Every structure is written in C-alpha cells, then in structure tokens.
Amino acid sequence: MLKRTHTCGELGKDHIGESVNLNGWVNTVRLHGQVIFIDLRDRYGKTQIVFNSEDYDGDFESVKKLSMEDVLSVKGTVQARGENAVNPDMSTGEIEVMVDTMELLSETTPLPFVITDRESASEDLRLKYRYLELRTDELQYNIITRHKAYQAVRGFLSENNFLEVETPILMKSTPEGARDFLVPSRLHNGKFYALPQSPQIYKQILMISGFDRYFQIVKCFRDEDFRADRQPEFTQIDIEMSFVDEEDIYSNMEGMTRHVFKEVIGTELPDPFPRITYDEAMSKYGSDKPDTRYELFLQDVKQFTDVSDFNAFKSAECVKAIVVLGGAKYSRKNIDEMTDLVKSFKAKGLTWMKMEEGQLTGGISKFFGDDLQKELISSTGICDGDIIFLIGDERSVTEKSLGALRVEIANRENLADKNDFKPLWVTEFPMFEIDEETDKLTFLHHPFTSPTTQNVNELDSDPESLKARAYDLTLNGYEIAGGSIRIHNPEIQNKVFSLLGLSQEEAQEKFGFLVEALTYGAPPHGGIAFGFDRLVMLLTGSSNIRDVIAFPKTTSALSLMDGSPDSVSDNQLDELNIQIIKKK
RNA sequence: GGGAUCGUAGUUCAGUUGGUUAGAACGCCGGCCUGUCAAGCCGGAGGUCGAGGGUUCGAGUCCCUUCGGUCCCGCCA
C-alpha cells in the first residue's frame with residue numbers, strides 16, 4: 001500500500017508540483033481511451049486523479065478495468081487543471097493528480113445499488129447494505145454532524161461542572177411507562193433484567209449521593225411501536241441537577257442548546273427561549289409541541305356556530321377553526337384528503353367555507369345568515385380567496401385534529417422555513433390524566449414528577465386538575481427534550497404512587513429503594529433528557545431518525561443488515577431454562 | 001391492535017379491459033474513444049413479476065392468505 005500523504009479533500013493550488021499519495025474509493029470512472037479520469041473519494045472529499053497511457057508506469061489495461069467502489073492507493077503529482085477543466089463544484093476542483101503508480105487494494109463485486117445516488121435504491125435495500133449507504137455524502141455528513149453534536153454537548157456540560165457518570169444497562173424492570181426489553185438471567189433462574197427506558201431512577205439517586213450536576217449521553221430502550229422519529233433503541237442526553245428550580249434548568253439547558261447549534265451548524269438561537277403553557281399550546285396550536293415558525297392559529301368559533309343553522313356543532317364541546325390564506329384554491333379532492341387526515345385523529349368530519357367577493361360560499365356557508373357571516377368574517381379575519389376549516393367535537397379531538405391539519409397545511413403551503421429554528425418551552429403540564437382503556441389515573445410524565453403543590457390533602461381532592469412541575473423543550477414542532485422537578489419528599493412520593501393505583505406493597509417492591517433513599521437527605525432536584533437523535537435530525541435537516549443513526553432498525557424493529565432479532569440455539573435456551581411456545 | 005400505501009431485471013420504474021415473446025433507464029460485461037466531471041457512441045448478458053393458494057381456456061394484472069418496506073392512529077412516563 002502506498003500510504004497516503006494527504007486525504008482526498010485537502011489538495012489545492014498550494015500543492016501544485018508536489019508528489020503525493022492518496023488512498024480511497026473510486027467514486028466515478030470516466031474512460032476516454034488513452035486517458036482515464038477517476039474521482040477518488042474518502043470521508044474528507046474527492047480528488048480527480050488522471051491516468052494517461054503515456055505517463056502511467058503500470059499496466060494501463062488494468063486501470064481500464066477499474067469500477068466504482070474499488071479501493072486504490074495511488075502515487076502521483078499534483079498539477080493545475082487547464083482553465084476549461086476547472087470544476088467549481090469540487091473543493092479540489094482546481095487541481096488533479098497525474099498518477100504514475102497505482103495499487104488496487106480491494107476490488108468490489110458488482111454493487112447492489114449506486115453509491116453516488118442515494119435515491120437509486122429503496123430504503124430496505126439500503127438498510128441491508130447499510131455499510132454502503134454510509135459511504136454516501138449525505139450520511140457521512142450526518143454522522144460527522146452527530147459527532148460534532150456529542151463533542152459540543154460534552155464540552156458545554158463539562159465546562160459547566162456537570163459530571164459524566166455511567167449507569168447500568170442491565171437493571172430492574174419497573175411497572176408503568178413503556179414496555180421493557182427483558183434480558184433473561186442465567187445465574188438467577190427465571191429472573192430477568194430490563195434494559196433501561198431511561199436512567200431516571202439512577203440519576204435521581206446520584207443527586208442523593210451528592211453529585212449535584214450529572215449528565216450522560218446514553219442509550220435507552222423502549223419496546224413499543226415505532227415511527228419516523230422513534231427507534232427501539234435511541235440516545236438521550238440525560239441531565240440532572242440538585243438545589244434547583246425550573247429557572248435553573250431553563251437557563252442551563254438554553255445555554256447548552258444555543259452552544260450546540262452555534263458550534264455544530266453556526267446558528268444563533270434566541271435568548272431567552274420563549275415559553276408557552278400546555279393549555280395555551282393545545283388551545284392555540286392544537287399540539288403540545290407546536291411549530292411556531294408559522295401562525296395559522298386555532299380560533300374558537302363556537303359562539304358563531306351555536307347561533308347558526310348548522311346543527312351538527314350545537315352539541316359539540318368545542319368548535320374551532322383555522323383560516324388558510326389563499327386556501328380558496330383547494331379542490332374537492334384536496335379537501336377530501338384533509339378530511340381523511342382529520343378523521344384519523346377521530347374527528348367526525350371537516351367542514352369548510354370559502355370567501356369570495358366578501359361572501360362566505362360553499363361548504364356549510366348556507367347555514368350562516370348574512371349578519372352572522374359578517375360577525376364570523378370580522379372575528380376570524382378571513383379575506384377573499386381564503387378558506388376556513390371548522391371542526392366541532394370533544395375539546396381534545398377538535399384541538400388535536402385541527403392541530404394536525406395545521407401542520408399538513410403548513411407543509412402544503414411551505415409555510416415553514418427550513419433554516420429557521422424556533423425553540424419553545426412548553427410548561428405547566430397536567431400532573432395526571434385518565435387512561436381511556438382502564439379509566440384509571442395515570443401520569444403524563446413519570447411518577448417521580450413533582451406536583452405544583454406540596455400539600456398532600458390537595459393532592460387527594462382533585463388530582464385531575466393538578467399541574468406538574470414538568471416541561472418540554474420543543475423545536476420546530478418536535479419535542480427535543482422533556483423533564484421535571486422531581487419529588488424529594490418520601491411522603492409525597494408515596495402519595496403519588498397510591499394515586500396512580502400502586503399499592504403500598506407494589507410501590508415498595510418496585511421503587512422501595514428510591515423511596516428509602518429519599519429518606520436519607522435528598523436534595524431538591526430536577527432534570528431533563530434530550531432526544532439526541534431528534535436533535536441531530538434537526539441539526540442535519542433530516543426528515544427521519546434513521547438517517548442520523550449509523551445502524552438503525554426498521555419500523556418493525558428489525559435490523560435488515562445483521563438480521564436481528566433472530567432465534568437462538570436450544571443450548572442457549574436450555575441454559576436459561578426458557579422454552580419457546582409456538583403461537584397457535 | 002388498527003388504517004393507508006408499496007413490492008416486476010443488480011437497481012429505479014413502466015406494463016392498457018385478464019390475452020402471443022414482460023419493456024425503458026442506470027448499473028454490469030465486451031468494443032470504440034486523449035480533457036472528462038451524471039463523459040459519449042455501439043453491442044451483449046440479465047426476470048421464480050415478494051412467497052403460497054385460488055378463480056379462469058389463459059393471471060404481473062382479479063380474489064384469499066402470508067412475508068417485508070414506508071407513513072399514520074392507538075401505544076411511546
């Protein structure tokens with residue numbers, strides 16, 4: 001091997017005349033009979049190397065056989081390109097390397113897809129050959145950006161006195177929350193470890209141990225169903241602080257987020273980040289993670305529909321509307337598509353009216369008299385050429401479905417600027433909600449979240465109306481972090497467990513060690529966890545989480561490259577005393 | 001658990017109302033070519049139409065089952 005003296009991204013005019021060695025992959029071959037151009041690629045860039053039959057020392061015929069993704073080492077001389085031959089699209093486009101010696105380090109068999117064109121293969125094929133896909137410019141950029149994000153996070157937190165502490169991957173299964181991935185124990189027959197859904201309990205215990213500022217960039221595991229932005233294993237920036245309230249968390253985390261965006265992509269974020277309460281976010285945006293890059297607010301129109309002749313809305317708990325600028329252009333088909341969308345969020349339908357020449361027309365407009373139309377027009381601010389969409393239903397259905405429609409319309413109308421980053425704290429989450437399946441009280445965040453009250457009696461009287469000291473950080477419609485101030489009083493902690501329907505025994509069995517730890521001098525503490533993959537997704541402008549993970553799994557949690565999960569040998573099962581029961 | 005959608009050459013796709021020998025581009029193989037950068041031109045090989053079953057004289061096309069991808073609802077503290 002001719003060991004490289006330079007990478008494929010660094011040669012320029014200053015190197016003209018130098019003898020250099022390059023190593024890399026053949027990106028493209030352009031064969032012209034007696035002269036051959038090859039773009040040689042490594043992770044630093046591409047350099048055009050030239051083989052000329054007159055100057056090349058080796059066997060020119062074997063150079064003709066080179067094809068994409070062969071691995072070469074070459075020795076040659078850097079030369080300026082002719083004036084017409086300069087390639088302004090390449091950072092090394094002013095020079096080329098005239099090769100005199102070449103060694104073929106590795107020859108590739110025919111490729112399953114073309115590396116230079118990521119779109120040339122479907123995603124399942126790319127995932128099977130992930131090592132090839134990772135050679136593409138886009139994924140190389142994403143992985144490099146991810147690296148920069150790790151370093152920026154560690155740099156900032158370490159600089160600010162946070163200690164990086166590792167916590168166990170094999171831990172105790174805890175009830176509630178997401179489904180655990182289980183790991184059978186060989187030494188303890190019939191018992192199981194769980195993989196952490198998050199290091200939540202460990203980090204609280206670290207606070208009790210006196211490590212008042214902790215962080216960890218850590219894998220978490222949840223055995224649930226997946227989405228474009230959810231994987232079975234994902235990475236969190238896990239953070240916890242002692243002797244703090246919400247304001248300390250906000251200011252530190254804003255500092256970290258600003259630092260990361262500045263360091264990694266050179267973007268300045270606002271200071272401070274704006275805040276909105278959960279109730280206001282739901283009411284105004286129909287989402288607990290609103291994208292504030294555009295307005296398109298939800299407006300309450302129940303007072304108008306109640307006095308109209310449109311009876312379907314009269315019994316609805318909540319009637320809201322959004323006005324789309326220029327939306328009168330929407331066809332029947334467009335509106336049908338949007339109707340399907342809101343129906344998937346349990347809305348019964350989507351009603352609409354268009355505004356033309358000062359009049360509301362079409363849709364349900366005939367149910368609104370002239371005077372009522374005028375009031376509705378002036379209240380909503382609808383203008384000629386606009387459309388107004390209305391949904392009436394239970395409050396949560398109305399808001400969620402209109403919130404989804406709001407995002408869909410923003411996509412269609414290109415309302416969100418890709419280079420615009422709008423962080424937003426969402427605060428004052430409810431402490432509990434009713435689980436629709438079991439009809440029982442359940443937590444919104446997790447069972448260690450402090451309620452806003454420290455009064456045990458108040459907790460008992462009307463738990464549903466209680467607020468939690470919980471907060472989410474959202475960015476452009478994504479939840480990128482969530483956290484809370486924790487309970488540090490064992491009495492309150494036990495009360496919350498009991499409200500959640502955990503018996504004294506269950507709570508003792510599952511969380512007893514934490515409750516006991518709280519009795520030995522627990523400092524007030526709180527923290528947050530960032531979804532690191534989502535953060536990198538936003539930093540790279542990717543639209544799915546798989547594009548920022550080196551070896552992701554599919555939506556059905558398969559790894560197409562290595563074929564996991566897979567069956568194991570009977571021997572392995574015997575050692576664990578596990579028997580597979582065939583499903584009927 | 002549910003909904004939508006996709007699966008045809010190595011790859012991306014086309015394939016009419018069910019009808020003769022399933023096409024194109026890129027890639028691959030061979031040939032020509034000394035200034036290209038998505039090089040160009042000529043030729044060639046390459047198909048279990050995801051799998052299984054059914055309807056039919058006849059299925060890539062219609063029906064059922066199943067596997068896999070993607071997106072979404074539920075779920076995900």
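Numbers restart at 1 for each chain; the letters A, B, ... are given by sequence-line order, proteins then strands. From a predicted model like this one, the values you see are computed outputs, not experimental measurements.
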Look at all strands and tell whether A:Phe448 reaches a base, only sugar-phosphate, or nothing, counting heavy atoms closer than 4.0 Å.
nothing

Separation of the C1' atoms in B:U8 and B:G68, to the nearest angstrom:
16 Å

How long is the span from the OG atom in A:Ser53 to the CZ atom in A:Phe51, to the nearest 0.5 Å?
12.5 Å

Does B:U36 pair with anything, Watson-Crick or G-U wobble, both distances under 3.5 Å, and if so, with which nucleotide?
none

For A:Gln236 versus A:Pro199, what's the shortest heavy-atom pair and its separation?
OE1-CD, 4.2 Å

Residues A:Asp393, A:Lys400: salt bridge by 4.0 Å N-O rule
no

Does a donor on one side chain sit under 3.5 Å from an acceptor on the other, for A:Asp562 and A:Ser564?
yes

With a 4.0 Å heavy-atom cut-off, tell me which residues in residues 217-232 of chain A come close to RNA chain B, sorted by residue number.
A:Arg222, A:Glu224, A:Asp225, A:Arg227, A:Ala228, A:Arg230

So which protein nitrogen or oxygen atoms get under 3.5 Å of nucleotides 29-34 of chain B's nitrogens or oxygens?
from  : atom 1 : to      : atom 2 : distance (Å)
B:C33 : N3     : A:Gly33 : N      : 3.1
B:U34 : OP2    : A:Gln34 : N      : 3.4
B:U34 : O4     : A:Glu54 : OE2    : 2.3

For the pair made of CE in A:Met90 and C1' in B:U36, what is the distance, rounded to whole Å?
11 Å

Using 4.0 Å as the upper bound for N to carboxylate O, is an ion pair formed by A:Arg332 and A:Asp336?
yes

Pairwise C1' distance for B:G23 and B:G46, with rounding to whole Å
14 Å

Measure CE/A:Met68 against P/B:A38 and give the value in whole Å, please.
14 Å

Taking the P atom in each of B:G30 and B:C63, what is the distance between them to the nearest angstrom?
45 Å

Compare every heavy atom of A:Asn27 with every heavy atom of A:Met68, then report the nearest pair and how far apart it is.
CG-O, 3.6 Å

Closest-nucleotide mapping onto RNA chain B: is A:Lys400 or A:Phe37 further toward the 5' terminus? I mean the 5' end.
A:Phe37

Restricting to nitrogen or oxygen on both sides, can you table the protein-nucleotides 11-14 of chain B pairs closer than 3.5 Å?
from  : atom 1 : to       : atom 2 : distance (Å)
B:U11 : O4'    : A:Pro112 : O      : 3.3
B:U11 : O2'    : A:Ser120 : O      : 2.0
B:U12 : OP1    : A:Ser122 : N      : 2.8
B:U12 : OP1    : A:Ser122 : OG     : 2.9
B:U12 : O4'    : A:Ser120 : O      : 3.4

Can A:Asp39 and A:Lys46 be counted as an ion pair, charged N to O under 4.0 angstrom?
no

Interatomic distance, A:Asp39 CG vs B:A39 P [rounded to whole Å]
8 Å

Using 30° and 60° as the class limits, which term best fits the ring planes of A:Phe448 and A:Phe497: parallel, tilted or perpendicular?
perpendicular

Assign each of A:Ala85 and A:Lys553 the nucleotide of RNA chain B bearing its closest heavy atom; nearer the 5' end lies the nucleotide of A:Ala85

Does atom NZ of A:Lys289 have more than 12 heavy-atom neighbours from other groups under 6.0 Å away?
no

A:Asp472 and A:Thr474 side chains, donor-acceptor separation under 3.5 Å:
no

Which whole number of Å gives the distance between the P atom of B:C49 and that of B:U21?
15 Å

List in numerical order all residues of residues 471-487 of chain A for which some heavy atom is under 4.0 Å away from an atom belonging to RNA chain B.
none

A:Leu444 has an atom CG; how far is it from atom P of B:C75, in whole Å?
11 Å

Classify A:Arg546 by what it touches in the nucleic acid, base, sugar-phosphate, or nothing, heavy-atom distance under 4.0 Å.
sugar-phosphate

For A:Thr555 and B:C71, is the shortest distance between a side-chain N/O and OP1 or OP2 below 4.0 Å?
yes

Strictly by modelled atom types, are A:Tyr285 and A:Asp291 linked by a side-chain donor-acceptor pair under 3.5 Å?
no

Under-4.0 Å salt bridge between A:Lys65 and A:Glu107
no

Taking side chain to side chain contact (heavy atoms under 4.5 Å, CB included) as the test, write out the residues that go with A:Thr235, two or more places apart.
A:Arg146, A:Ile217, A:Lys219, A:Phe532, A:Asp533

Euclidean distance for C1', B:U55 against B:A14 (whole angstrom):
27 Å

Between A:Asp225 and A:Arg230, is there a side-chain N and carboxylate O pair less than 4.0 Å apart?
no

Spacing of the C1' atoms in B:A38 and B:A25 (rounded, Å):
13 Å

When the P atoms of B:G52 and B:G60 are considered, how many whole Å apart are they?
13 Å

I want to check something: taking the side chain as every heavy atom from C-beta on, are A:Asn544 and A:Met537 in contact at a cut-off of under 4.5 Å?
no

Which letters describe nucleotides 42-51 of chain B, given B = protein heavy atom under 4.0 Å from base, S = only from sugar-phosphate, - = neither?
----------

In this structure, how many angstroms lie between the P atom of B:C75 and the CD atom of A:Glu433, rounded?
8 Å

Can you tell me how far C1' of B:G69 sits from CZ of A:Arg130, to the nearest Å?
14 Å

Compare side-chain N and O positions of A:Arg30 against OP1 and OP2 of B:A39 and report whether any pair is under 4.0 Å apart.
yes

Charged N to carboxylate O below 4.0 Å: is that the case for A:Arg546 and A:Glu133?
no

Pairing partner (Watson-Crick or G-U wobble, both distances under 3.5 angstrom) of B:C49:
none

Assigned partner base of B:A4, Watson-Crick or wobble definition, under 3.5 Å
B:U70

Roughly, in whole Å, what's the span from CG in A:Asp180 to P in B:C76?
13 Å

Out of curiosity, A:Lys172 NZ to A:Ile201 CD1, how far, rounded to the nearest 0.5 Å?
9.5 Å

Opposite nucleotide pairing with B:A24, Watson-Crick or G-U, both atom distances under 3.5 Å:
B:U12

Do you know the tightest heavy-atom contact between A:Phe389 and A:Met338?
CZ-SD, 3.6 Å

Quickly work out the A:Ile36 CD1 to B:C37 C1' distance and round it to whole Å.
15 Å

Can you check the distance between B:U20 and B:G27, where both ends of the measurement are the P atom (answer in whole Å)?
31 Å

Heavy atoms only, 4.0 Å cut-off, all strands: where does A:Ser198 land among base, sugar-phosphate and nothing?
base

Strictly below 4.0 Å, N to O, side chains only: are A:Arg130 and A:Glu123 in salt-bridge contact?
no

